[in-house]
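Heads up: the structure comes next, in structure tokens.
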Amino acid sequence: MSIPAVRGFHDALPEAARVLGRIERIAAQVLERHGFSEVRLPIVERTELFARSIGETTDIVEKEMYTFPDRDGTLLTLRPEGTAPLARAFVEHHLDQRDQVSRLYYVGPMFRHERPQKGRLRQFHQVGAELIGREDPLADAETLVCLVDVLEAVGVPEPRLLVGSLGDEACRPAYRDELRAFGEARSERLCGNCRRRLDKNPLRILDCKEEGCREATADAPALVDRLCAACGEHFAQVRALLDAQGIAWELDRRLVRGLDYYVRTTFEVTAAGLGAQGAIGAGGRYDGLLAQIGGPATSGIGFALGVERLRIALEAADPGLEQRLSAEASPTVFVMPIGAAAEVDALRIARRLRAEGVRVELGGGRSVKSQMRRADKLGAARVLLIGDEELAARRATLRDMREKADQRLAVDMDLEGAALVAAVGEAR
RNA sequence: GUGGGUGUAGCUCAGCUGGCAGAGCACCGGAUUGUGGCUCCGGGGGUCGAGGGUUCAAUCCCCUUCACUCACCCCA
């Protein structure tokens, strides 16, 4: 291989890109329907934005960021997630002055320097939606409903929605201390990793997949049982709203998120077929984030979906999806010039058909046989053949590729618009 | 960052205990001069991931390295 792509940075060739594009398009449609507007934000931000918002001690900031100095020495980072940049733009442009409530979404690449594996790339794409300016439970419920709507429209089979609450500054610190004490009391049963976590981020021991740790923490106190009155009430209302809508969700008593800015409601969606990476989307409430980066004391909640992971989930459940979408992209008409003299008319007719919305592939160059093979391979429904005979008569030969008999119908080469489409399309 | 698996044609892979590198599919051309699919015939294509070592001889054995992949960690 000459110059390979960078590790973890994948090319999406037409077949894959079609599926990815469809996912993004459908998601965007649903979000627009929910009142969200798209924003396009930079891929590069100052490193301090992520350090301050995501949290200095999170895995993302500690070891997963693509960080490099700009020419003047400013530390820049390829965005590892979308919420912090959006919050930055929100603050920078004083969007809170424009409207009490903002609903914004984005689609684009994110970068994390992790070891690649199934469903995990160093450059991947997310569709994210953020509802800023509302702190009432209805906003949480509405965001979750939106997430469910997107998943349904995209066609994710049997998603599992896990919802939990992380409490806030009023109740989490006390719980953290309690959990640390709980863990230290039985630290001999925890794995080395978890022992280390006890000090820095005790909540993580709940997330460990080690059998021993799971057993040791099975009866650990749960944050959802230690919420302060305000958080407890908020969560109860969110749950009630979800239930009233018949949304299928599961309480995750030990849901932990890898970003420090989350408070109260957090959630995660998983789907089958993703190997060890089950999550296709996640999100939560981040009431302190905007103030933390120098903005107004405005609350927000949002989610992000992993586009590549959605694709894996979709294709795991429907292996024929890629092929079907490719077939749909086949040209309807293959315009085939035979000889240089026919090229002018072939190109013109192709343009006329396309102007009417017909998918047209223009052939050319090679023998009739090889052009026919190509038309067949592309899945063209009809071939419009233009050679010397046709030029002389000003009538192109039309062949329906589904017919086996060698029938030949003539199409007036000087037709335009709907008449041309009718002549080509109605011939059988 | 750690561990396992795998690197042979564009793709999927075969190649027994070292002895000149193969198949299927794909691609290109032909089988009536301007008509596809099925069939038949032919063709182009390979530094056997890279570097080093052992050997008369290495795709095969040894070392190193790189890549891909799965898993851990963590996450979309």
Side-chain angles (χ1 to χ4, degrees), chain A residues 1-10 13 15 23 27 54 58-64 79-83 107-128 147 156 191-194 196-197 201 204 207-210 213 256-259 267-271 274-283 303-313 334 336-339 342 363 366-391 396-408:
Chain A
M1 187 178 293
S2 42
I3 302 177
V6 177
R7 162 172 239 193
F9 289 68
H10 284 199
L13 299 182
E15 297 74 22
I23 291 167
I54 298 173
T58 57
D59 274 29
I60 290 179
V61 171
E62 277 185 341
K63 52 186 195 191
E64 295 175 5
R79 63 182 187 193
E81 59 107 27
T83 300
V107 182
M110 305 295 162
F111 305 84
R112 291 182 201 172
H113 193 121
E114 300 180 88
R115 192 80 174 262
Q117 69 184 72
K118 182 168 189 175
R120 195 171 67 187
L121 304 170
R122 288 184 174 179
Q123 176 179 327
F124 58 100
H125 294 74
Q126 288 188 335
V127 176
L147 171 58
V156 178
C191 67
N193 248 323
C194 283
R196 248 178 293 121
R197 288 169 176 155
N201 197 346
R204 287 237 162 273
D207 206 28
C208 188
K209 281 140 194 149
E210 289 285 328
C213 295
V256 177
R257 303 251 35 115
L259 293 79
F267 47 90
E268 182 172 306
V269 187
T270 62
L274 285 152
Q277 260 58 41
I280 54 174
F303 62 82
L305 293 163
V307 180
E308 288 84 356
R309 286 191 183 178
L310 286 172
R311 173 177 165 234
I312 293 173
F334 188 97
M336 183 185 297
I338 302 165
R366 301 186 296 180
S367 71
V368 172
K369 181 196 277 278
S370 79
Q371 289 202 67
M372 283 300 291
R373 273 200 198 123
R374 191 169 138 67
D376 181 59
K377 192 178 70 180
L378 290 172
R382 298 184 178 76
V383 166
L384 201 57
L385 192 145
I386 305 171
D388 293 341
E389 296 167 23
E390 287 80 3
L391 285 175
T397 297
L398 180 68
R399 177 154 169 79
D400 187 322
M401 296 298 275
R402 287 179 299 256
E403 298 291 334
K404 295 186 196 298
D406 180 22
Q407 97 301 20
R408 300 181 184 192

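Residue numbers start from 1 in every chain, and the chains themselves are labelled A, B, ... in the order their sequence lines are given, proteins ahead of strands.
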Pairwise C1' distance for B:rA14 and B:rU6, with rounding to whole Å: 15 Å
Report all interatomic pairs (protein N or O, nucleotide N or O of nucleotides 2-10 of chain B) with separations under 3.5 Å.
{"unit_1": "B:rU2", "atom_1": "O4", "unit_2": "A:Arg115", "atom_2": "NH1", "d": "2.3"}

Please list, for nucleotides 32-34 of chain B, all pairs of protein and nucleotide N/O atoms separated by less than 3.5 Å.
{"unit_1": "B:rG34", "atom_1": "O6", "unit_2": "A:Asp388", "atom_2": "N", "d": "3.1"}
{"unit_1": "B:rG34", "atom_1": "O6", "unit_2": "A:Glu389", "atom_2": "N", "d": "2.7"}
{"unit_1": "B:rG34", "atom_1": "O6", "unit_2": "A:Glu390", "atom_2": "OE1", "d": "3.3"}
{"unit_1": "B:rG34", "atom_1": "N1", "unit_2": "A:Glu390", "atom_2": "OE1", "d": "2.7"}
{"unit_1": "B:rG34", "atom_1": "N1", "unit_2": "A:Glu390", "atom_2": "OE2", "d": "3.1"}
{"unit_1": "B:rG34", "atom_1": "N2", "unit_2": "A:Glu390", "atom_2": "OE2", "d": "2.6"}

Taking B:rC73, B:rG37, B:rC75 as options, the one with an atom nearest any side-chain atom of A:Gln117 is B:rC73
Rounding to a whole Å, what distance do you find between A:Arg402:CZ and B:rU35:C1'? 17 Å
Which protein N or O atoms sit under 3.5 Å from an N or O of nucleotides 38-46 of chain B?
none

Does the side chain of A:Arg7 get closer than 4.0 angstrom to OP1 or OP2 of B:rC68 through an N or O atom? yes
Does A:Arg399 get its side chain close enough to the base of B:rG36, under 3.5 Å, for a donor-acceptor pair? yes
Quote, to the nearest angstrom, the C1' distance that separates B:rC48 from B:rG19. 16 Å
Could you tell me how far B:rG24 sits from B:rG44 if I compare only their P atoms? Round to whole Å. 15 Å
Using atom C1' of each nucleotide, how far apart are B:rG43 and B:rU55 to the nearest Å? 38 Å
Among B:rC73, B:rG36, B:rC27, the nucleotide that comes nearest once only the side chain of A:Lys63 is considered: B:rC73
